[in-house]
Amino acid sequence: MTLPIKISPSVLSADCVAFGRDIAKIENDAQWLHYDVMDGHFVPNISYGVPVVKALTKATKLFADVHLMITDPLFYIEPFVKAGAELITFHVEADSDIQETIDRIHSFGIKCGLALKPKTSIEAVMPYLDKIDMLLQMTVEPGFGGQAMVEDAIGNLAILRKAAPNLDIQVDGGINADNIGRIAKEGANIFVAGSAVFGAEDPAMIVRLMKERAEEAIKG
Ligand code: DX5
Ligand code: ZN
């Protein structure tokens, strides 16, 4: 089974004075929209929270892919569901009970993702691969957009893909049109891209190019 390729531009790199205008640029070409929520505790940065996510999910038809980089995800599932999240990803390194958080997310009838940072052993996520809808392999240390990809994280992808052939595997951090092909070949099928998309002159063109290159790479 070949899983469909999806591009999920990260709003973190959009212009916050004009989120709506930037989202409109990729509305017809991207498949998902990625919302990075940071609490200044799990990661050394604070981004935006429930009110911003709520406003933006109303402003777009794109599938709402919410990435929680927060210490206590369990406590915030319901507010983000009410804000329009269609998939909530939380970190295996966070403080909340993992199975309880997965169950809470599923109890609202939405999808659940589990994320791991580049230096975290993949053994930490192995017990949950058949309980989640998506695995997020971080390809940079979470906290900031615009960082260079950590090569070690790419090495995990083939192992994860082999362990879970039908699971959506997302990568996040440092992904661009030049490296997407080789990452797709390693087994990822959902690609977050912040600066590569919103830092470009023509974000829609970059989204289309990234999707094409990933599809081409897994063909042959
Ligand atoms: C990093 C975030 C990413 C970030 C990616 O903590 O999780 O989603 O926006 O940005 P780029 O694509 O610029 O590395
Ligand atoms: Zn993210």
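Model, not experiment: these values are computed from the prediction. One-based numbering, in listed order, for ligands and for the atoms of each. Throughout, numbering of the chain's residues begins at 1 and tracks the sequence.
- Taking a 6.0 Å sphere around NZ of Lys54, one finds it holds 12 or fewer heavy atoms contributed by other residues, nucleotides or ligands.
- When Ala14, Ala193, Ala115, Gly146 are checked for heavy-atom proximity to atom 11 (P) of ligand 1, Gly146 turns out nearest.
- Close contacts of ligand 1 with Met138, meaning ligand atoms under 4.0 Å from a residue heavy atom, involve 7 (O).
- Numbered from 1 in the order shown, with element, the atoms of ligand 1 that lie under 4.0 Å from a heavy atom of Met69 read 6 (O), 7 (O).
- Distances below 4.0 Å separate heavy atoms of His67 from the following atoms of ligand 1: 7 (O).
- Closest approach between the Zn ion (ligand 2) and any N/O/S atom of Asp36 involves OD1.
- If you look at His67 and ask which of its N, O or S atoms sits nearest the Zn ion (ligand 2), the answer is ND1.
- Gly143 N, 2.7 Å is the protein heavy atom nearest to atom 6 (O) of ligand 1.
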ask   = Going through the distances and angles, do Lys111 and Glu86 end up as a side-chain contact (heavy atoms from CB on, under 4.5 Å)?
value = CA-CA 6 Å; Lys111 291 190 171 184; Glu86 292 171 273; over 6 Å; no
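- Heavy-atom contacts from other residues, nucleotides or ligands closer than 6.0 Å to NZ of Lys119 number 12 or fewer.
- For ligand 1, the atoms lying closer than 4.0 Å to a non-hydrogen atom of Met38 are 6 (O).
- Given atom 1 (C) of ligand 1, the protein heavy atom at minimum distance is Phe144 O, 3.6 Å.
- Both cation-pi conditions hold for Lys117 and Phe42: the charged atom is under 6.0 angstrom from the six-membered ring centre and inside a 45 degree cone around its axis.
- Counting heavy atoms under 4.0 Å from ligand 1, residue Ser10 touches it through the side chain alone.
- Atoms CG and CG, on Leu62 and Leu56 in that order, are 11.0 Å from each other to the nearest 0.5 Å.
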query = Can you check side-chain contact (heavy atoms from CB on, under 4.5 Å) on His41 and Ile70, steps first, answer last?
reply = CA-CA 7 Å; His41 188 251; Ile70 66 177; over 6 Å; no
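- Selection from Ser195, Ala196, Gly194 by nearest heavy atom to atom 13 (O) of ligand 1 gives Ser195.
- Of the polar atoms of Asp172, at least one N or O is found under 3.5 Å from an N or O of ligand 1, judged by distance alone.
- Each of the following atoms of ligand 1 lies closer than 4.0 Å to a heavy atom of Leu12: 9 (O).
- Taking atom 10 (O) of ligand 1 as the reference point, the nearest protein heavy-atom neighbour is Gly145 CA, 3.5 Å.
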task = Could you give me the CA-CA distance, side-chain angles and deciding distance for Glu186 and Arg182, then say whether side-chain contact (heavy atoms from CB on, under 4.5 Å) is met?
result = CA-CA 6 Å; Glu186 293 294 321; Arg182 109 181 133 86; 5.5 Å; no
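- Annotation for Gly40 and Ile46: closest pair CA-CG1, 3.6 Å, computed over non-hydrogen atoms.
- Between the side chain of Ser10 and the backbone N or O of Val192 there is no donor-acceptor pair closer than 3.5 Å.
- No hydrogens or angles considered: a donor-acceptor pair under 3.5 Å links the side chains of Gln170 and Asp65.
- Partner of Met69 under the side chain to side chain contact (heavy atoms under 4.5 Å, CB included) criterion, out of Thr89, Val43, Val37, Asn45: Val43 alone.
- The angle subtended at the Zn ion (ligand 2) by OD2 of Asp172 and NE2 of His34 is 100°, given to the nearest 10°.
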request  = Check step by step if side-chain contact (heavy atoms from CB on, under 4.5 Å) holds for Leu135 and Leu116.
outcome  = CA-CA 8 Å; Leu135 192 280; Leu116 76 160; 3.8 Å; yes
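- Close contacts of ligand 1 with Val192, meaning ligand atoms under 4.0 Å from a residue heavy atom, involve 8 (O).
- Ligand 1 has no atom lying under 4.0 Å from any heavy atom of Met149.
- Those atoms of ligand 1 with a heavy atom of His34 less than 4.0 angstrom away are 8 (O).
- Residue contacts with ligand 1 include Gly174, since one or more of its heavy atoms lies under 4.0 Å from the ligand.
- Taking every heavy atom of Gly173 and a limit of under 4.0 angstrom, the matching atoms of ligand 1 come to 14 (O).
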